[in-house]
Amino acid sequence: MATRLVCIVGRKNAGKTTLTVALCQALARMGRRVMTLKHGHHPALVDREGTDTWRHFHEGDAERTLIASPEYRVLFERVADDYDPAGLARRYMGDADIVLAEGFSRSSLPRIEVWRRSVTSPPLFTDHQDPSLWLAVVTDQPALRAPCPVIELSQPDWAERAADAAWAGAVQVEP
């Protein structure tokens, strides 16, 4: 079975992480196996200098270092690619029902945008050459007009509606 993939996009401080978390919860309540990707613009510092894993990876120049504990695993890996969300989902999350990729706004994948009136820049869909990629816009602005469904944060079922849009419009990533 193929994994579904959708991007969660928005301007800085618009609420992308909050939306991603709400979608994870709503999709999990629907019985979906949910996994996430996060696009970063700088290297993530998730290990401390001097720890065994840090030394394996940085001093030893290991290509990959995996730390495994009873509840968690973290993989450090050196790669030359440029954050292709479909490739990442295929490689690391092929057993998910759906992968929510936070960020990756330059990809050509379907997306749900979060836009709030406190963010002074216009929504991303107004700048994009292909507004057909938008599945929905989640917003606190009831008067917002978009080329896709507008889901108002004031509605009690907004997270479920956004989760339905994500599930229905996500692309299938074949293994």
Side-chain angles (χ1 to χ4, degrees), residues 1-42 44 46 71-72 82-175:
M1 181 167 137
T3 297
R4 294 170 187 246
L5 175 63
V6 66
C7 292
I8 309 305
V9 300
R11 302 277 184 193
K12 182 177 174 82
N13 296 320
K16 294 181 294 293
T17 299
T18 300
L19 176 57
T20 301
V21 169
L23 289 176
C24 283
Q25 293 170 337
L27 287 159
R29 281 192 302 272
M30 295 173 181
R32 309 294 185 199
R33 190 167 183 201
V34 185
M35 298 183 191
T36 63
L37 291 171
K38 170 71 173 119
H39 182 261
H41 295 285
H42 49 81
V46 294
E71 294 182 37
Y72 302 103
D82 62 351
Y83 305 108
D84 167 39
L88 291 168
R90 190 176 297 111
R91 181 169 182 169
Y92 298 109
M93 301 177 172
D95 53 343
D97 291 330
I98 188 167
V99 175
L100 304 176
E102 182 182 329
F104 300 97
S105 61
R106 292 189 178 129
S107 76
S108 60
L109 295 168
R111 67 227 24 231
I112 294 178
E113 180 172 358
V114 59
W115 185 80
R116 292 179 304 126
R117 81 182 120 214
S118 63
V119 177
T120 58
S121 299
L124 290 173
F125 70 80
T126 62
D127 298 339
H128 205 273
Q129 295 175 353
D130 188 1
S132 70
L133 294 174
W134 268 254
L135 304 174
V137 176
V138 176
T139 184
D140 61 355
Q141 181 58 269
L144 181 68
R145 299 292 171 250
C148 58
V150 174
I151 300 171
E152 295 177 37
L153 288 165
S154 63
Q155 298 170 334
D157 65 342
W158 72 267
E160 289 74 19
R161 291 181 56 215
D164 287 341
W167 182 258
V171 297
Q172 303 250 341
V173 178
E174 298 297 329

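Computed from heavy atoms alone, side chains included, the values below leave out hydrogens, waters and symmetry copies.
For the residue pair Pro147 and Pro131, the shortest heavy atom distance occurs at CG-CB, 3.6 Å. Heavy-atom minimum distance, Ala14 versus Arg116: O-NE, 2.6 Å. Taking all atoms of both residues into account, the shortest heavy-atom contact from Gly169 to Pro110 is O-CG, 3.3 Å. Between Ala146 and Val150, the closest heavy-atom pair is CB-CG2, 3.8 Å. Of all the heavy atoms in Ala163 and Ala26, the pair that sits closest is CB-CB, 3.8 Å. Of all heavy-atom pairs between Pro149 and Leu135, the closest is CD-O, 3.3 Å.
In this structure, Ser154 and Pro142 have side chains that are not in contact, with every pair of non-hydrogen atoms separated by 4.5 Å or more. Between Leu153 and Val138, the closest side-chain pair of non-hydrogen atoms falls below 4.5 Å. With contacts defined as side-chain heavy-atom distances shorter than 4.5 Å, the pair Arg4/Gln172 qualifies. With contacts defined as side-chain heavy-atom distances shorter than 4.5 Å, the pair Met30/Asp164 qualifies. The side-chain heavy atoms of Ile151 and Ile112, taken from C-beta on, include no pair separated by under 4.5 Å. Residues Trp158 and Leu19 are in side-chain contact: their nearest non-hydrogen atoms beyond the backbone lie under 4.5 Å apart.
Using a distance-only test at 3.5 Å, with no hydrogens or angles considered, no donor-acceptor pair links the side chain of Arg33 to the main chain of Asp97. Looking at Thr3, its side chain never comes within 3.5 Å of a backbone N or O of Val173 through a donor-acceptor pair. Between the Glu113 side chain and the Leu124 main chain, a donor and an acceptor come within less than 3.5 Å of each other. A donor-acceptor distance shorter than 3.5 angstrom exists from the side chain of Arg111 to the backbone of Ser105, with no hydrogens or angles considered. In this structure, the side chain of Asn13 does not engage the main chain of Val119 through any donor-acceptor pair within 3.5 Å.
Taken from CG in Leu5 to CZ in Arg90, the straight-line distance is 9.5 Å, to the nearest 0.5 Å. Here the straight-line distance linking atom OG1 of Thr126 with atom CH2 of Trp115 works out to 9.5 Å at 0.5 Å rounding. Note that CD of Glu152 is 9.5 Å distant from CG of Asp140, once rounded to the nearest 0.5 Å. The distance from the NE2 atom of His39 to the CD1 atom of Ile8 is 15.0 Å, given to the nearest 0.5 Å. Here CD of Glu160 is found 9.5 Å from CG of Leu27. Values are rounded to the nearest 0.5 Å. Taking OG of Ser108 as the reference point, atom NE2 of His128 lies at 8.5 Å (rounded to 0.5 Å).
Annotation: side-chain hydrogen bond (donor to acceptor under 3.5 Å, both in side chains) contacts of Asp127 (sequence neighbours excluded): Arg11. Residues that satisfy the side-chain hydrogen bond (donor to acceptor under 3.5 Å, both in side chains) test with Ser132, not counting sequence neighbours, are Asp130.
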Problem set entry | Stepwise side-chain contact (heavy atoms from CB on, under 4.5 Å) test for Leu109 and Phe104 | CA-CA 9 Å; Leu109 295 168; Phe104 300 97; 5.8 Å; no

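Inspection of the Glu102 and Thr36 side chains reveals no N or O donor paired with an N or O acceptor under 3.5 Å.
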